[in-house]
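Read through the structure below, which is laid out as structure tokens, and then see the notes.
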Amino acid sequence: MSRQDKIRNFSIIAHIDHGKSTLADRLLEATKCVSAREMEEQLLDNMDIERERGITIKARAVSLRYEADNGETYDFNLIDTPGHVDFNYEVSRSLRACEGALLVVDATQGVEAQTLANTYLAMENDLEIIPVVNKIDLASADIAGTRQEIEDIIGIPAEDCPAVSAKTGLNIHDVLEHIVTDIPAPAGDENAPLKALIFDSYYDSYRGVVVYIRIVDGIVHAGMKVRMMNTGAEFEVVEVGRMSPFGLVAANELSAGDVGYLTASIKTVEDTRVGDTVTCSENPTDEPFPGFKKAQPMVFAGIYPADGAKYPALRDALEKLRLNDAALTFEPETSIALGFGFRCGFLGLLHMEIIAERLEREFLLDLVTTAPSVIYRITYKDGTVKFIDNPAMFPSPDEIEEAAEPIVKASIITPTDYVGGIMELCKDRRGIFVDMKYIDKTRAELHYKLPLNEIIYDFFDALKSRTKGYASLDYELSGYEPSKLVKLDILLNMEVVDALSFIVHADKAYTRGRKIAEALKDNIPRQLFEVPIQASIGGRVIARETVRAMRKDVLAKCYGGDITRKKKLLEKQKEGKKRMRKLGSVEVPPETFMAVLKLDSEK
Amino acid sequence: MQKSIGIYIHIPFCAQKCNYCDFYSMPCADSDFMRTYADALIGQIKSKKRLLRNRHVSTIYIGGGTPSLMPPEYIVNILNAVKSTAVIDQNAEITIEANPGTLDGAKLTAYRNAGVNRLSLGLQSADDDELKMLGRIHTKDDFANSFAMARMEGFTNISVDVMYALPHQTEETLYKTLEFVAALEPEHISFYGLKIEQNTPFGDDEEIKKALPDEDTQYNMYMKSCKLLESHGYEQYEISNFSKKGYESRHNKRYWLSKEYIGFGPAAHSFFDMRMYGYKKDVNAFITGYADENALIDEDYTLTNRSFAVQYVMLAFRLRDGVNTAKYRELFGREFDDEYLPRMKVFIEKQFIAKTDTGYCLTRRGMMISNYILSEILDFTEG
């Protein structure tokens, strides 16, 4: 048996809560890398947010050793994948680093959407898929039904697939043996020039960037001069090695078929983009590994510290996050309403929420986040062209010759039952139908052209709710198209609040303006005076609501001399008021800015 | 001259808990249990002899709960214990709270003989449907009977509690209640808005919360009610209190004027010698452990000069007369204007706070949003 014959590279695909992390833990345990006592629950998911949201944000990988029933010892490389449309590209790169995937399906729930989307991605990447029916220890488990469903919906044989309980460890051995027998061994050429795919990287303050790679062809070792083929950056490798469950373990070399890491005193993940190909500077490979895309922020929003004095702390925090997240961009901006902050670019709304949450949680910052925007292309009357990512900078209508917005090509894969609902949704979002293909009897793939600004807010959520979560969405930017865009301003007490302005298609301006005015009315507490809320376009008011003046806020009784209680109540009230943002003369809770975004599009 | 003090005595028994009430009380106990409780109270009162010897008692307030549920002889015993422990002013105001329907001639006579000279009757509403909804045990007629009985027994200082902002209450039913009360000419009327408290039946009742009058209606209710009461000769002397001339509640004013008071019984609060403390809300613990003062205490604070000053302002603004700046200077050695005028400015401009001959007070509109105003102008960090 050759060296590569004893390597198996695979990932695990599962719906949230179907037990991906638990299964990963059991695999780690069963391969005797980790004793139950040593093991921290769910080793693969490291970040708090991942655990709470039950999603994997960044890919992780780990190498295991398994002694199979045939007496041979195998190297297993388990590569974890994120699971959201914002990170589709990262998922596809992680999958490209594998030859196979375990598809975990909860025997009490059956096949669900997220599973489908990533399974299709895995199939596109020619991965061998091993279904694993999980949670068979539960009374409501339906093993036969789940197997049937896998065959019917996904179309892969599942008759003999492992049925396990990752929780109790039942039949885990079966899974390990299937990995050996079913997943193909890698078949790279060790003697060819180095060609390695970057599927993840992170910044470590001692080693610099740690680059996770899959060696496709050739060999890499310390001291080798390497080049990132797409960015062109060159480095001298300091160390190579593998990811053990306990951390990085240095090795002499990595060769074709291996999954491991390299370090090369790299200062920023900018230079180690996911999907890029690492090759040897002196003897480069002819072709990079196909499919590289530079992660492009598509969604922009202002992030401001709730407390203006925390601006430097916010800058430091963003800089730290960017070390690990090449897709995050930011530059300083100022808002009349919110003071000093940053205009940040994200892959999508989830990416934005994750960054905001990490800033608040890991850096203890209290933030105000403005409505997300895309980049508009404005051609002025004098012929100059500008790209604008901040609605506050959007020019007045008489200055504009042409306004254009980014359009995406969206591909939605869905069980055929939901085609009608999806078409309705896309139409509502100004989508233009391109075509529809039936993949098989039960699945259809729809193609639409959609304005990006229609999908950044809640399109994915709306899609999920209309398809019981079964539809998957993938999209890529296709260019700019002229559009009837207008800037909608929001006035509080007759003053424009720049942080609340946003760009909208003229046909939708009235409805949006009215909804936003209503949402603001519900979110702004009564003030000492009546506060008019107006939505206006180019100085013309299109919607108006009023927050009535505060009339009653009084404690009637004083509880038999319990003065402390009254005092505490007032103290709490004062504390609550400190969080308020003063917009002109109006005090607004920071949630208001987000509440305005969460206008329910279903209504 | 010796300092004065007010005494509060808590009787935590009720025939039935009202749906809105979060004062400390327990379902009606039997007579033996009440006697045991009264004995514990007496024991506690006597244990405070050292303190009470250095004060003269100007008010006594027996509140609850429903003190009138207790056999009157226990009330008499309790008052006797106070008399034997402390010096009570000749003209001391001695109040007992009573619920309509729990009074009879014998009880009233006993109270009178024990020196009680003020009766506080909880009516809340003169609309029987509203009373039922509140979980009150009496009707409008029960109240009228109790009131007449009290007058016959010689009570010349009676206070009546009325509530507004009740679920399903309309302005019409509210004003009818007030007209009914005013026609009886009690000397004092407490007029307070219902506040939905957590851990009460109303607190978890979404239907009830939905049935509350909206903020603007509540505002109108308050404003019009104040005028209605004034037209009947009642003067407003505090956010929620009205009286005929000379009949302000001296006991309650002690709270607002930051004068000393001492409380007895579970959940009772005290303030003297710059110390504020409250007892745990536990009758049984009180009965078995009243002798061990420290074990009973739930909250205990010693005020600094600064925190006392903040509290003084917080409370004084409840009164019609508001803050007396000369008094403030005398008590705290600081200028009220220096500290507060910058923060009060916006409220003065918008006529929520008014300048008086002696200082500042909330206007009626200001009283209505006093929480907001106080949370803006008070600086708790100082204390």
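Remember, predicted model here, so these are calculated numbers, not experimental data.
A distance of 12.0 Å separates NZ of A/Lys572 from CG of B/Asn371, quoted to the nearest 0.5 Å. For the atom pair CD of B/Glu349 and CG of A/Leu528, the computed distance is 11.0 Å after rounding to the nearest 0.5 Å. For the atom pair B/Leu378 CG and A/Glu571 CD, the distance stands at 9.5 Å (nearest 0.5 Å). Atom CE of B/Met276 is separated from atom OG1 of A/Thr564 by 4.5 Å, given to the nearest 0.5 angstrom. To the nearest 0.5 Å, atoms CE (B/Met368) and CE (A/Met550) are separated by 11.5 Å. For the atom pair CD1 (A/Ile563) and CH2 (B/Trp256), the distance works out to 6.5 Å, reported to the nearest 0.5 Å.
Put simply, of B/Met314, B/Gln218, B/Glu238, the one with the most heavy-atom pairs under 4.5 Å next to chain A is B/Met314. Of the listed residues (A/Arg548, A/Glu575, A/Arg526), the one with the most heavy-atom contacts under 4.5 Å to chain B is A/Arg526. Contact count against chain A (heavy-atom pairs under 4.5 Å) is highest for B/Ser370 among B/Ser370, B/Ser270, B/Gly63.
Atom NZ of B/Lys280 sits in a crowded spot, with more than 12 heavy atoms from other residues, nucleotides or ligands closer than 6.0 Å. Few gaps surround NZ on B/Lys48; more than 12 heavy atoms of other groups in view lie less than 6.0 Å from it. Shown here is A/Lys508, whose NZ atom has more than 12 heavy atoms of other residues, nucleotides or ligands within 6.0 Å. Around OH of A/Tyr510, the count of heavy atoms belonging to other residues, nucleotides or ligands within 6.0 Å does not exceed 12. Other residues, nucleotides and ligands contribute over 12 non-hydrogen atoms within 6.0 Å of the CD atom of A/Glu319. No more than 12 heavy-atom neighbours from other residues, nucleotides or ligands sit within 6.0 angstrom of NZ on B/Lys345.
For B/Met367, the part lying under 4.5 angstrom from a heavy atom of chain A is the backbone only. At a 4.5 Å heavy-atom cutoff, B/Ile373 makes no contact with chain A through either its backbone or its side chain. Neither the backbone nor the side chain of B/Tyr222 comes within less than 4.5 Å of any heavy atom in chain A. Heavy atoms closer than 4.5 Å to chain A are found nowhere in B/Tyr277, neither backbone nor side chain. With a threshold of 4.5 angstrom between heavy atoms, A/Leu569 approaches chain B through side-chain atoms but not through N, CA, C or O. In this structure, the portion of B/Phe347 lying under 4.5 Å from any heavy atom of chain A is its side chain and not its backbone. Only the side chain of B/Glu299 comes within contact range of chain A, with at least one heavy atom under 4.5 Å from a heavy atom of that chain. Of the atoms belonging to B/Asn241, not a single heavy atom falls under 4.5 Å from chain A. Both the backbone and the side chain of B/Tyr372 come within less than 4.5 Å of a heavy atom in chain A. With a threshold of 4.5 angstrom between heavy atoms, A/Lys552 approaches chain B through its backbone and through its side chain. Contacts between B/Tyr301 and chain A at a heavy-atom distance below 4.5 Å involve the side chain alone, from C-beta outward.
A/Lys567 places no side-chain N or O within 3.5 Å of a backbone atom of B/Gln311 that could act as its donor or acceptor partner.
Each of B/Thr217, B/Ile369, B/Asp216 was scored for a side-chain contact (heavy atoms from CB on, under 4.5 Å) with A/Arg551, with one residue passing: B/Asp216.
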A/Lys574/B/Leu374 under side-chain contact (heavy atoms from CB on, under 4.5 Å): CA gap, chis, key distance, verdict: CA-CA 9 Å; A/Lys574 195 175 186 84; B/Leu374 290 173; over 6 Å; no
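In plain terms, the two heavy atoms of A/Lys577 and B/Ser375 that are nearest each other are NZ-OG, 2.9 Å.
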